[in-house]
J.: 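First the structure, then my questions, so here it is.
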Amino acid sequence: MRHFRRRVLVTGGAGFIGSHLCERLLGAGHHVICVDNFFTGVRENVAALLANPYFELLRHDVTFPLSVEVDEIYNLACPASPIHYQQDPVQTTKTSVLGAINMLGLAKRLKVRILQASTSEVYGDPQVHPQPEGYWGNVNPIGPRACYDEGKRCAETLFFDYHRQHGVPIRVARIFNTYGPRMHPNDGRVVSNFIMQALTGQPLTIFGDGSQTRSFCYVDDMVTALIALMESDSPAAVGPINIGNPGEFTMLDLATLVIRLTGSRSRLETRPLPQDDPRQRRPDITRIGQLAGWVPEVGLEEGLRRTIAYFRTQHEIGPMLQAA
Ligand code: NAD
Ligand code: UDP
Ligand code: UDP
């Protein structure tokens, strides 16, 4: 029997997606314990929640054991942008693998549900398009993205083995590119880069010829889907389950849209394509639709408008802008 008001652990809760998840869970009446080592997350992301008596913030690194008493766990701790996860690749793999072991050990002891924030990067540079969950992927195990991709793949292995060997109730969500307010302005990801460049009148940096594609999901839609997956009692909810917006855009499309929505006079400038950069990416979201009736509601144009509005507020506070 699952209670209406639960104690929910969110690792990586001070990050971009995690902070929105904490906010939504508190709004639904749950008690939230947010664990973060502030590698990429910041206290400001959860500052508005600190006054809530049902919110607790713990500074902790998930590569070390953690003892808390909770009713369910969302495991989001891990840097997500290539610039951040390549800064200390060994720590990135440790966070995914040791973090998964520790959080799964915790879930096993407490006999509670645990959701893993996995990634579309488990498909690498995919040779099947769009990507269904049954596709095993095309990942370079020794390239610069491997610390993230292989770390997340190993975490999935651990989740399924704890499930089969120890009966831990798991949920594995494969998250595709997500954007929205509270993205780091200078984390090097394409949406934040283009918006910051457009707002500051700098050239938009197109890596390669800009014909590579991505599918961008607005953060509110993502959080709705993660919670729906956690709540689902269907045996299929174990996953893995793709979550993303199937709208597919080239980086040139995205740059043109950002320039139009910001009214910027910035021009486009090409830069070399980073090694192992996936050519195309789009989720097949049939499974999550069947399981939870979920489809994304916020299109790219509307989502970008909201994100640009957020970045404009960052713009006004100056220092972050200069760092970008
Ligand atoms: P983010 O970098 O904003 O958030 C990650 C959070 O984890 C940060 O607050 C960071 O400080 C924390 N963290 C990192 N290492 C930690 C450790 N060892 N111990 C405790 N906390 C640690 O990134 P995000 O975009 O919010 O991503 C959240 C999760 O979703 C990640 O697991 C990421 O891999 C996954 N994901 C995100 C995307 C996306 O497009 N944003 C896509 C696929 C998967
Ligand atoms: N663990 C934890 N909190 C708990 C229970 C376990 O952090 O409440 C960690 C524990 O330190 C161990 C990991 O989870 O490193 C895996 O636990 P498990 O019970 O699977 O393995 P074992 O303790 O037998 O190595
Ligand atoms: N990209 C780009 N300009 C930038 C940053 C990224 O053209 O300033 C490209 C990048 O090469 C990739 C796509 O945009 O093809 C998405 O990059 P991001 O780092 O946001 O996400 P990921 O590659 O992890 O999907």
Side-chain angles (χ1 to χ4, degrees), residues 10-21 34-42 45-46 58-69 74-85 88 91-92 94-96 98-110 116-122 145 148 151-152 155 158 162 165-166 168 173-180 182-184 187-194 196-197 204-217 219 222 226 243-244 250-252 254-255 268 270-274 276-281:
V10 179
T11 75
F16 160 52
I17 301 176
S19 62
H20 287 273
L21 179 61
C34 168
V35 160
D36 208 294
N37 71 347
F38 301 115
F39 177 57
T40 51
V42 287
N45 281 344
V46 290
L58 298 181
R59 177 190 280 266
H60 175 80
D61 182 328
V62 294
T63 61
F64 296 97
L66 174 69
S67 192
V68 288
E69 307 304 308
Y74 288 86
N75 187 37
L76 272 64
C78 186
S81 95
I83 285 192
H84 286 147
Y85 70 64
D88 185 349
Q91 173 67 12
T92 299
K94 282 185 184 172
T95 292
S96 275
L98 298 177
I101 291 174
N102 287 326
M103 293 309 105
L104 284 161
L106 178 64
K108 178 181 130 194
R109 175 174 68 77
L110 299 173
Q116 166 68 355
S118 189
T119 170
S120 56
E121 300 283 345
V122 300
R145 296 174 81 102
Y148 184 74
K152 289 285 188 178
L158 286 160
Y162 268 79
Q165 194 176 333
H166 298 301
V168 173
R174 288 187 179 154
I175 298 174
F176 283 65
N177 296 55
T178 303
Y179 70 101
R182 299 196 203 122
M183 285 186 92
H184 316 268
D187 75 354
R189 310 198 72 190
V190 70
V191 173
S192 43
N193 267 9
F194 283 0
M196 288 301 288
Q197 289 162 343
L204 272 61
T205 49
I206 307 282
F207 295 173
D209 65 5
S211 66
Q212 70 272 35
T213 67
R214 292 293 187 274
S215 297
F216 298 101
C217 185
V219 65
M222 178 57 56
L226 292 174
I243 307 181
T250 67
M251 296 311 104
L252 281 175
L254 180 70
L268 310 185
T270 53
R271 296 274 169 85
L273 189 69
D276 294 341
D277 200 88
R279 282 287 322 148
Q280 54 181 7
R281 195 182 290 141

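Just so you know, ligand 1 is whichever comes first in the structure, and atom 1 is the first atom listed for that ligand.
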J.: Looking only at protein heavy atoms, identify the closest one to atom 6 (C) of ligand 2 and say how far it is in Å.
T.: Gly105 C, 3.6 Å
J.: What residue and heavy atom of the protein are closest to atom 40 (O) of ligand 1, and at what distance?
T.: Thr178 N, 2.8 Å
J.: Show the atoms of ligand 3 that are less than 4.0 angstrom away from any heavy atom in Glu121.
T.: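 So the atoms of ligand 3 that pass are 22 (P), 24 (O), 25 (O).
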J.: Within less than 4.0 angstrom of ligand 3, does Ser192 place any heavy atom?
T.: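 Flag not set, Ser192 not near ligand 3.
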J.: Backbone N or O of Thr250 within a donor-acceptor pair of the Ser211 side chain at under 3.5 Å?
T.: no
J.: CZ/Arg214 to CG/Asn177 distance, rounded to the nearest 0.5 angstrom?
T.: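 Between Arg214 CZ and Asn177 CG, I get 6.0 Å after rounding to 0.5 Å.
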J.: Considering Gln280, Arg214, Met183 one by one, which has a heavy atom nearer to atom 16 (C) of ligand 3 than any of the others?
T.: Arg214
J.: Mark up the atoms of ligand 3 that fall under 4.0 Å of a heavy atom belonging to Gly188, in ascending order.
T.: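 Answer for ligand 3: 5 (C).
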J.: Give me the nearest non-hydrogen protein atom to atom 8 (O) of ligand 2 as residue plus atom name, then the distance to 0.1 Å.
T.: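 That would be Arg109 NE, 2.6 Å.
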J.: List ligand 3 atoms under 4.0 Å from Asn177, heavy atoms only on the residue side.
T.: 21 (O), 22 (P), 25 (O)
J.: Could you check atom 4 (O) of ligand 1 against the protein and tell me its nearest heavy-atom contact, residue, atom and distance included?
T.: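 So the nearest neighbour among protein heavy atoms is Gly15 CA, 3.5 Å.
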J.: Protein non-hydrogen atoms only, distance under 4.0 Å: does atom 22 (P) of ligand 2 have such a neighbour?
T.: no
J.: Quick one: does Tyr85 get within less than 4.0 Å of ligand 1, heavy atoms only?
T.: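 Tyr85: no contact with ligand 1 (<4.0 Å).
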J.: Looking at Asn75, Val10, Leu58, which hits side-chain contact (heavy atoms from CB on, under 4.5 Å) with Val35?
T.: Leu58
J.: Side chain, backbone, both or neither: which part of Arg145 comes within less than 4.0 Å of ligand 3 when only heavy atoms are counted?
T.: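 Looking at Arg145 and ligand 3, just side chain atoms fall under 4.0 Å.
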J.: Any atoms of ligand 2 less than 4.0 Å from a non-hydrogen atom of Ile101? List them with their elements.
T.: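 Matching atoms, with element in brackets: 13 (C), 14 (O), 16 (C).
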J.: Could you tell me the residue and atom name of the protein heavy atom closest to atom 23 (O) of ligand 1, and the distance to it rounded to 0.1 Å?
T.: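 Answer for atom 23 (O) of ligand 1: Ala80 CB, 3.5 Å.
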J.: Closest non-hydrogen protein atom to atom 7 (O) of ligand 3, residue and atom name please, with distance?
T.: Phe207 N, 2.9 Å
J.: Going by the order shown, which atoms of ligand 3 are within less than 4.0 Å of some heavy atom of Met251?
T.: 13 (C), 14 (O)
J.: Can you tell me the protein heavy atom closest to atom 12 (C) of ligand 2 and the distance?
T.: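 Result: Asn102 OD1, 3.9 Å.
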J.: Are the side chain of Arg182 and the backbone N or O of Gly18 linked by a donor-acceptor pair below 3.5 Å?
T.: no
J.: Please report which non-hydrogen protein atom sits nearest to atom 2 (C) of ligand 2, along with the residue it belongs to and the distance in Å to one decimal place.
T.: Leu66 O, 3.5 Å
J.: Answer with side chain, backbone, both or neither: which part of Ser118 has a heavy atom less than 4.0 angstrom from an atom of ligand 1?
T.: backbone
J.: Considering only non-hydrogen protein atoms, determine which one is nearest to atom 31 (C) of ligand 1 and report residue, atom name and distance to 0.1 Å.
T.: Leu76 O, 3.1 Å
J.: Which protein heavy atom lies closest to atom 3 (N) of ligand 3, and at what distance to 0.1 Å?
T.: Thr205 O, 2.6 Å
J.: Is ligand 1 under 4.0 Å from a heavy atom in the side chain of Gln91, in the backbone, in both, or in neither?
T.: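 For Gln91, the contact with ligand 1 is made by the side chain alone.
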J.: If we only consider heavy atoms of Gly99, is any one of them less than 4.0 Å away from an atom in ligand 1?
T.: no
J.: N/O to N/O below 3.5 Å, does that happen between Pro79 and ligand 1?
T.: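 By distance alone, the answer is no.
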J.: Looking only at protein heavy atoms, which one is nearest to atom 5 (C) of ligand 1, and how far off is it?
T.: Cys78 O, 3.2 Å
J.: So is Arg271 touching ligand 3 or not, going by heavy atoms under 4.0 Å?
T.: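 Heavy atoms of Arg271 never come under 4.0 Å of ligand 3.
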J.: Sub-3.5 Å donor-acceptor pair from the side chain of Thr92 to the main-chain atoms of Tyr85, do we have one?
T.: yes
J.: Below 30° counts as parallel, above 60° as perpendicular, anything between as tilted: where do the rings of His20 and Phe16 land?
T.: perpendicular
J.: In the protein, which heavy atom is nearest to atom 1 (P) of ligand 1, and how far is it?
T.: Thr40 OG1, 3.7 Å
J.: Can you figure out which of Phe16, Tyr148, Phe176, Phe64 has its heavy atom closest to atom 35 (C) of ligand 1?
T.: Tyr148
J.: Under 4.0 Å, heavy atoms only, figure out whether ligand 3 is touched by the backbone of Gln212, its side chain, both or neither.
T.: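 It is the side chain that touches ligand 3; the backbone stays farther off.
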J.: Considering both backbone and side-chain atoms of Tyr162, is one of its nitrogen or oxygen atoms within less than 3.5 Å of a nitrogen or oxygen in ligand 2?
T.: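 In this structure, Tyr162 places an N or O atom under 3.5 Å from an N or O of ligand 2.
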J.: Under 4.0 Å from a heavy atom of Asp277: give me the atoms of ligand 3 that qualify, with their elements.
T.: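 In order of number, 10 (C), 11 (O), 12 (C), 15 (O).
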J.: Please work out whether any backbone atom (N, CA, C, O) or any side-chain heavy atom from C-beta onward of Met183 is under 4.0 Å from ligand 1, and answer side chain, backbone, both or neither.
T.: neither
J.: Looking at Gly41, which atoms of ligand 1 are within less than 4.0 Å of one of its heavy atoms?
T.: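 Atoms satisfying the 4.0 Å criterion: 8 (C), 9 (O), 10 (C), 11 (O).
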J.: Answer yes or no for Lys152: is there a heavy-atom contact with ligand 1 below 4.0 Å?
T.: yes
J.: Do any heavy atoms of His60 fall under 4.0 Å from ligand 1?
T.: yes
J.: Which is it for Lys108 and ligand 2 at heavy atoms under 4.0 Å: side chain, backbone, both or neither?
T.: side chain
J.: Pull out every atom of ligand 2 sitting under 4.0 Å from any heavy atom of Pro65, numbered as shown with elements.
T.: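 It comes down to these atoms of ligand 2: 7 (O), 11 (O).
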J.: Quick test of your reading of the structure: of Val122, Ile17, Asn75, Ile175, whose heavy atom lies closest to atom 42 (C) of ligand 1?
T.: Ile175
J.: Side chain, backbone, both or neither: which part of Asn193 comes within less than 4.0 Å of ligand 3 when only heavy atoms are counted?
T.: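 Asn193 to ligand 3: side-chain contact only, backbone stays beyond 4.0 Å.
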J.: Are Gln197 and ligand 3 in contact, using a heavy-atom cut-off of under 4.0 Å?
T.: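 False for this residue.
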J.: Note the single closest protein heavy atom to atom 11 (O) of ligand 1, along with its residue, its atom name and the distance in Å.
T.: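 Looking only at protein heavy atoms, the one closest to atom 11 (O) of ligand 1 is Asp36 OD1, 2.5 Å.
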J.: Any nitrogen or oxygen of Ser120, side chain or backbone, less than 3.5 Å from one on ligand 1?
T.: no
J.: Hey, which atoms in ligand 3 end up nearer than 4.0 Å to a heavy atom of Arg281?
T.: 25 (O)
J.: Thinking salt bridges, do Lys152 and Glu121 make one under a 4.0 Å N-O criterion?
T.: no
J.: Side chain, backbone, both or neither: which part of Arg189 comes within less than 4.0 Å of ligand 1 when only heavy atoms are counted?
T.: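 Side chain only; the backbone of Arg189 stays clear of ligand 1.
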J.: Could you check whether any heavy atom of His184 sits closer than 4.0 Å to an atom of ligand 1, since that is the contact criterion I want to use?
T.: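 True for this residue.
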J.: Heavy atoms only: which of Asn177, Thr11, Thr63, Asn37 lies closest to atom 21 (N) of ligand 1?
T.: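 Among Asn177, Thr11, Thr63, Asn37, the closest heavy atom to atom 21 (N) of ligand 1 belongs to Asn37.
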J.: Hey, does the side chain of Thr11 reach the backbone of Leu76 with a donor-acceptor pair shorter than 3.5 angstrom?
T.: yes
J.: Any idea which protein heavy atom is nearest atom 18 (P) of ligand 3, and the distance to it?
T.: Val190 N, 3.9 Å
J.: Whether the side chain of Gln116 engages the backbone of Ala100 through a donor-acceptor N/O pair (distance < 3.5 Å, no angle test) should be reported.
T.: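 Checking the backbone N and O of Ala100 against the side chain of Gln116, no donor-acceptor pair under 3.5 Å is found.
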